[in-house]
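Scroll down for the structure; my scribbles are underneath it.
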Amino acid sequence: MTAGSDSVLELLPLVFAAPNEALARAEEVLGSDPPPLHASVAHQVIGIWQRDWGDLRIALHHLRRARELAARAESADREADVLAALGVALVHAGRTREGLKALERGVEVSSGHTRARVLFRRAYASWVLGRHREALEDVRRSIPVLRQADDVIWTARALTLRATVHLALGAVERAAADFTAAESLWDTTGQEHDKADAVESRGLAAFRSGDIPAALRLLDEAEERYAKLGTPTFMLNIRRCEVLMAAGLAPEALAEADAAIGVLDGIGGQSTRKAELLLAAARAARLGGDPHTAIARAALAVRLFAGQRRPWWEAHARLVLIEARVAAGRASGRLVADAAGVAERLAAFGAPAAPEASLLAGRIALDLGWTADAELHLKVAARSRHGGPPLARMTGWAAQALRARAAGSGRGVLEACRHGLDVLDAHRTTLGASELRARATAQGAELAALAQRASLDSGGPRRLLTWSERWRATVLSAPPTRPPADPALLSGLTAFREIAARAEAARMDGRPVPALERDQRRLEREIRSRTLHISGAAPGGGHRFDPALLLERLGEDVRLVELAVLDGRVQVLLCGQGRVRRFEAGLLAEAETEAEHVQAGLRRLAHPGAEARLPVVEAAGRRLEELLFGPAAEHLGTGPVVVVPPGRLHRVPWALLPSLRERVFSVSPSASSWLRSRDTVPPPGGRRVLVRGPGLATEGAEVPELADRYGGSTVLEYEEARVPRVLEELDGSELAHIAAHGTFRADSPLFSALRMADGPLIVHDFERLDRSPYRIILSCCDTARFASVGADELLGLVTALLPLGTAGVVACSAPVNDAAVVPLMLALHKGLSAGLSLAEALRDARAALPGDATHQATGWAFSAFGAA
């Protein structure tokens, strides 16, 4: 063969090393009137490029032409190689029978080394179709021949494929060994696209082994590599959707799947990938609480998989379809049978999702009162509790808990729930980012609810308190893991502040800011991505809540009111005087509605002239007390009160409730968090930091007076109030007072911010502190607003501070009148100077305010959090 022939044949490996260069050179070859053999190679290269990153119709045209030219060149090996590429394209187009026929023909006409490559392609097609055992057989036959021929590239591809099939069958250790072997081979080649694929595959392996941060990091790295090559990969989108859903980020997974489907449709891409993306979108919609969207996507995925003759995939899509129908309230005996049938098919395929289907069948049967059928299915699902990845074991323990409940064994329910939540707790601690830890708790919501119900049915209030604490605000139990001096993260935060400050200035000048807003969103994505990559500490035993310790610390005077929610109704657990008592209050949904009415009223009262609304707001406060405290309001005693609300009630202005209005009270995300805050020791030195941000209507008028009160305190104002300097001074301080505009981001709570001279000081910044201030006062709007996520978690400014060494916070849950804040803050600090706690000083400060509606509403909007 001539040098020219060698040059043309080199285009085939080049298509996965430098895809766009290979495409351009193949088109040049076709423009030079090449001989049939060379033309066949060029058409095959164009066909592969279009198959994987472009239009399948164009791909099929070029691959068929490549086969015709190979036959004309009378090269059996050339024809076999083209048949293999064509067969894969036909499978991706959903024409499974034709594709398998082409692959079979390729095996028949080839021999030796070429046949091994064709067998690899047939194994790949079998993997796409979900025929995992057939895929393993073909790839096992190909690897020895490829190794004997010293074919590094195709050996690495075969090892990568075998590892991927092992993962689909749940054999994580075998997959890891093959991935490691393949990666060592890729390091010796220039196959850049194949290398990116290897990184993506390692991300999948990390996910299957339960390491979500590593999975996100590797998938992001693979995306960067693909972007440099200009080759979109929809498999990466599908895998990232899986990881995002496991991390509790279902809305983001749905957005990613929908965007990828749009791109795929726009280029006429692979039908097989579209079906898989639809399945990912259906799962994400179901997890995100949108069963109707899930039903629509899953039904379409089922039809596509069936038409593509992909029964493994079709079974998974049917599982999601059944789950979505149940979530939409369509449970029926037919669905029990459907779920059981899907479970059998998944088990026959060796799919790890089989226990989920059995659990679903058992759950539906239980709801219908079919206890015998339920036990049959739940027993099968419960087998997964002893092995596999964390979520599979969670499925098994959930099934075991439901079996115990059906058998009337409260003790069995609690035992299963304890084991299941221990599994999830260990998994959660491997996550470094507070957002991931918070969202991961959603996986334990069912077990926590089962345990609480069993506690209420078979135990006293003290047991219910223990289980209420078991899965409440767990993200606050330890600070987020900090990245070790991550320069890219620090650079991103600096750039984000600059862009955000420029956008804010442009808005104030009335100038359009779409370009700046796009840059800001891009930087937010990059910052968030880097924080999600952070791994947590190794799983440990964890803290266990002790009711006796709580009661001892409360003593005779203090009462702690923990609000649990069971079956939609508020259960009040009143702790104090050495005992725990339970009272039943109103419906949570009604309390949430009333809290929104109160918030609207406080917003009106923040402006002069709304005095007529004051009686309406006060009446709403009385109704809120009835719904939230019920009869317990009469048993609060006369001493201080600690309120522990569920996450969905974070917007309640507790000072408006009649029983708390003139009382010393504080709010805590959990009883455990209150105990930790109470035991937190102030840092040495007693440093005080006063910060005044820009743009306040009063210009932070309290700050100069506080500077006079606290001689020797650090005052940062005007251009000195820049984020790096502010963080430096806040770190390890005893008291911090920040007068600055606050912004709450419901869409991305960890980008909630305080406005400084150089831009926003965000939650991600606070999480970099070695120790946040022992006491911190945020005298601005919306600083006590949170996003409720996971099982019962809160994300926001206050909850970022509590795990980092802050024992007490004063913050505001509603818009307030800036001028009315000044006397409230001065009176608050007067009390602190006299040695009072934050809660005591805030109670006295409210009482010292003028009696007009605006000042009263301002006092009600602020709460003390923690125990300092």
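With no hydrogens or angles considered, a side-chain donor-acceptor pair links Ser40 and Arg78 at under 3.5 Å. Side-chain contact, Asp55 with Gln50: no donor N or O sits under 3.5 Å from an acceptor N or O. Asn20 and Trp49 form a side-chain donor-acceptor contact under 3.5 Å, judged by distance and modelled atom types alone.
Glu108 and Arg105 are joined by a salt bridge, as a carboxylate oxygen and a charged side-chain nitrogen come within less than 4.0 angstrom of each other. Between Arg121 and Asp81 there is a salt bridge, since at least one side-chain N of the basic residue sits less than 4.0 Å from a carboxylate O of the acidic one. In summary, Arg297 and Asp258 engage in a salt bridge, as defined by a charged side-chain N under 4.0 Å from a carboxylate O. Here Arg133 does not pair with Glu137 in a salt bridge; the nearest charged N to carboxylate O distance is not below 4.0 Å. Note on Arg65 versus Glu68: salt bridge recorded, some NZ/NE/NH1/NH2 to OD/OE distance being below 4.0 Å. With respect to Lys195 and Glu192, a salt bridge is recorded, a charged nitrogen being found less than 4.0 Å from a carboxylate O. Look at Arg363 and Glu446 and you find a salt bridge, because one of the NZ, NE, NH1 or NH2 atoms lies within 4.0 Å of a carboxylate O, short of that distance. Taking the charged nitrogens against the carboxylate oxygens, Glu223 and Arg240 do have a contact shorter than 4.0 Å, which makes a salt bridge. Salt-bridge annotation for Arg318 and Asp338: absent, with no side-chain N of the basic residue lying under 4.0 Å from a carboxylate O of the acidic one.
Between His193 and Tyr226, the distance from one ring center to the other falls under 6.0 angstrom. His92 and Tyr124 have their aromatic ring centers within a separation under 6.0 angstrom.
For the residue pair Val91 and Ala125, the shortest heavy atom distance occurs at CG2-CB, 4.1 Å. Pairing each heavy atom of Leu229 with each of Ala17, the nearest pair is CD2-O, 3.7 Å. Nearest heavy atom pair, residue Ala253 against residue Cys241, reads O-SG, 3.3 Å.
Annotation: side chain of Phe16 is in contact with side chain of Ile48 (closest heavy-atom distance under 4.5 Å). Between Arg72 and Leu37 there is no side-chain heavy-atom pair separated by less than 4.5 Å.
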Side chain to side chain contact (heavy atoms under 4.5 Å, CB included) between Arg393 and Ser384, worked out: CA-CA 6 Å; Arg393 284 179 282 151; Ser384 68; over 6 Å; no
